[in-house]
Number of protein chains: 2
Amino acid sequence: MVDDAQDPDTPQARGGAAATIPTTPPGAGRRPLDRRRVLGAAVSFIDEHGIEALTMRRLGNHLGVEGMALYRHVSSREGLLDGVVETVVDELYGDPDVFLEPRHGWQDYLQRLAHGVRRLALAHPAVFPLVATRPPAAPWVRPPLRSLRWLESFLDALTGSGFSDGAAVAAYRAYTGFLLGHLLLEVSARGVPISSHDEEADAASPPAGALDGYPHVRRLEPLLSEDESAAEFEEALEELLERLERILRESRRG
Amino acid sequence: MVDDAQDPDTPQARGGAAATIPTTPPGAGRRPLDRRRVLGAAVSFIDEHGIEALTMRRLGNHLGVEGMALYRHVSSREGLLDGVVETVVDELYGDPDVFLEPRHGWQDYLQRLAHGVRRLALAHPAVFPLVATRPPAAPWVRPPLRSLRWLESFLDALTGSGFSDGAAVAAYRAYTGFLLGHLLLEVSARGVPISSHDEEADAASPPAGALDGYPHVRRLEPLLSEDESAAEFEEALEELLERLERILRESRRG
DNA sequence: ACCTGAACACCGTTCAAGT
DNA sequence: ACCTGAACACCGTTCAAGT
């Protein structure tokens with residue numbers, strides 16, 4: 001009997017009930033699967049249990065089907081993850097706060113877009129690292145704006161506002177770097193539910209004595225643990241827009 | 001016979017020779033394993049074959065040992081990955097360009113440190129996403145500066161240069177966000193050798209017609225594919241230091 | 001003291017067979 | 001047309017047994 005050999009922390013053992021009981025969504029009973037439904041289920045599965053817990057068999061179960069049936073709709077587990085990233089990024093197109101007309105200049109657009117991406121990251125904190133790190137289709141399709149459609153829209157807004165080609169490209173690079181860094185940090189500080197088993201030792205203070213050689217850290221610990229992410233994001237975004245404004249002015253003079 | 005059922009792209013099938021032939025490093029013949037050697041081997045294995053290819057059994061083989069032997073030195077595969085991240089981050093302590101005395105003020109220090117982290121990211125592009133995304137020990141130990149020691153050193157340099165406590169913490173947040181975003185984009189654009197099997201379709205242009213609905217992207221494709229990462233990094237770092245200088249001035253006035 | 005072999009409970013994936 | 005069962009080659013992990 002090595003039945004209980006698996007450590008309870010192990011990915012296989014985590015995510016218990018919800019992962020193993022076939023929780024076919026209400027009303028979705030015998031409707032045949034399609035790609036959209038598979039990807040949607042994968043997104044919520046990851047949101048709930050983390051990426052590590054997502055296996056073909058468990059996702060199948062979750063949909064009331066054997067894992068093998070998923071291969072009708074995705075090419076492989078990797079293909080599934082690509083689809084998950086795409087699904088989440090596509091959510092942005094449905095966000096009225098990003099697309100609401102009329103737009104008031106490029107700053108307004110970049111601000112809406114940034115807030116839209118942030119909302120998305122916070123809505124799917126366990127998926128966002130995937131959005132951030134999956135190898136992009138082309139090296140210049142930079143996360144977290146992973147689609148030609150967003151890139152085109154970005155370039156259109158900026159060149160239409162007087163940015164030279166070079167300035168628009170420089171702005172794209174600065175903007176994506178900004179979003180990626182800030183949102184990844186925000187999401188990872190929020191503690192993606194990897195190792196969710198220990199609900200108590202959560203926001204607790206560090207184990208007494210762990211900060212012993214680090215006087216500054218100890219003194220600033222309260223300050224450091226304050227969650228200023230929202231304000232921080234706003235401020236950094238503001239700074240970035242000012243920087244882009246300088247780029248625009250230079251590109252107009254040049 | 002379903003022997004060849006595995007797709008050749010699949011992680012299991014990749015990383016062939018070097019992963020399966022026991023390439024015991026020269027002179028390391030019968031010396032017993034230790035944790036340092038295991039972690040070092042894991043780092044170079046990942047650099048060479050990517051994280052997906054790293055299994056306990058293959059890493060064991062690489063070290064001339066059965067995979068099970070590794071459990072003497074790491075608690076699990078997750079523990080191994082934690083150790084890998086730690087090992088790579090610790091390399092910074094040995095970097096003379098970061099620590100070389102005398103230092104000329106906090107700007108000089110932050111500049112050296114940033115370049116050190118960048119060198120590290122470029123030296124281990126396949127490991128860096130791990131450095132960026134593994135859940136940190138405490139929420140305020142932010143990647144990619146993942147250690148209390150670096151945090152302490154950072155705070156010490158800044159508070160010693162006149163930053164108030166609040167300003168030093170704000171600077172720490174801005175600085176880590178900057179590093180994470182820029183370096184993650186840089187290594188992901190460099191195409192971590194995930195799916196290394198297709199060496200040809202490499203820096204090639206996009207499949208004809210793929211850019212059809214995207215006129216700006218098509219027009220700017222040459223500009224977009226230029227690798228400006230080094231210059232970009234310098235410029236963004238410069239901007240960041242100026243921003244921190246403003247924070248310092250305000251914190252002095254306040 | 002350190003490593004191996006065998007064993008177990010999983011996995012991803014294919015394919016012929018069922019409805 | 002869509003799903004299942006059985007099969008295969010792998011995995012991570014434990015533990016008793018070997019040297």
Side-chain angles (χ1 to χ4, degrees), chain A residues 1-16 19-20 22 24 28-38 41-42 45 49-84, chain B residues 1-16 19-20 22 24 28-38 41-42 45 49-83 195:
Chain A
M1 295 300 121
V2 206
D3 257 359
D4 51 351
Q6 298 269 346
D7 186 273
D9 277 9
T10 240
Q12 283 93 321
R14 264 194 283 108
T20 47
T24 318
R30 288 297 113 224
R31 193 160 86 269
L33 240 40
D34 61 6
R35 187 177 160 86
R36 251 182 44 69
R37 216 145 69 77
V38 170
F45 191 98
H49 309 289
I51 292 147
E52 316 280 272
L54 179 73
T55 70
M56 299 302 278
R57 281 155 153 118
R58 288 212 276 240
L59 180 59
N61 250 263
H62 192 70
L63 283 159
V65 120
E66 298 297 314
M68 302 79 199
L70 302 178
Y71 288 90
R72 293 239 128 216
H73 305 104
V74 297
S75 66
S76 64
R77 185 175 189 269
E78 291 300 287
L80 173 66
L81 293 182
D82 286 339
V84 161
Chain B
M1 294 299 124
V2 206
D3 258 358
D4 50 352
Q6 298 269 345
D7 186 271
D9 278 8
T10 239
Q12 283 94 320
R14 265 196 281 108
T20 49
T24 318
R30 288 297 112 224
R31 195 161 84 268
L33 240 40
D34 61 5
R35 187 179 160 86
R36 252 182 43 70
R37 216 146 68 76
V38 170
F45 191 98
H49 309 290
I51 292 147
E52 316 280 273
L54 180 74
T55 70
M56 300 302 277
R57 282 156 153 118
R58 288 212 276 240
L59 181 59
N61 250 263
H62 192 70
L63 284 159
V65 120
E66 298 297 312
M68 300 80 199
L70 302 178
Y71 288 90
R72 293 241 127 214
H73 305 104
V74 297
S75 67
S76 64
R77 186 175 189 268
E78 292 300 288
L80 174 65
L81 293 182
D82 287 339
S195 82

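Chain identifiers are assigned alphabetically (A, B, ...) following the order of the sequence lines, protein sequences preceding nucleic acid strands; residue numbering begins at 1 within each chain.
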**Complete:** Testing D:dC3, C:dC3, D:dG12 for proximity to the side chain of B:Arg77, the answer is D:dG12
**Prompt:** Does D:dC11 have OP1 or OP2 sitting under 4.0 Å from an N or O in the side chain of B:Arg58?
**Reply:** yes
**Request:** Give the rounded distance in Å between these two atoms: NE2 of B:His73 and P of C:dC2.
**Result:** 7 Å
**Asked** Is A:Arg35 close to A:Val38 at the side-chain level, that is, under 4.5 Å between some pair of heavy atoms?
**Response** no
**Item:** Rounded interatomic separation in angstrom, taking CG from A:Asp34 and C1' from D:dA1
**Value:** 14 Å
**Prompt:** Rounded to whole angstrom units, what separation is found between the CZ atom of A:Arg57 and the P atom of D:dG5?
**Reply:** 12 Å
**Message:** Output the rounded distance in Å from CG (A:Leu59) to P (D:dC3).
**Reply:** 13 Å
**Prompt:** Within this structure, what is the CD1-to-C1' distance between A:Ile51 and C:dC11, rounded to whole angstrom?
**Reply:** 17 Å
**Request:** Specify the separation, in whole Å, of atom OH of B:Tyr71 and atom C1' of C:dA6.
**Result:** 15 Å
**Asked** Paired with C:dC11 by Watson-Crick or G-U wobble geometry, both distances under 3.5 Å: which nucleotide is it?
**Response** none
**Asked** How many Å lie between CE on B:Met56 and P on C:dT4, as a whole number?
**Response** 13 Å
**Fill in**
When rounded to whole Å, the CG to P distance for the pair B:Leu70 and C:dC2 reads 14 Å
**Fill in**
C:dT4 -> Watson-Crick or G-U wobble partner, both distances under 3.5 Å, gives D:dA16
**Message:** Which nucleotide wins on minimum distance to the side chain of A:Arg72, given the candidates D:dT4, C:dC3, D:dC2?
**Reply:** D:dC2
**Message:** Classify B:Met68 by what it touches in the nucleic acid, base, sugar-phosphate, or nothing, heavy-atom distance under 4.0 Å.
**Reply:** base
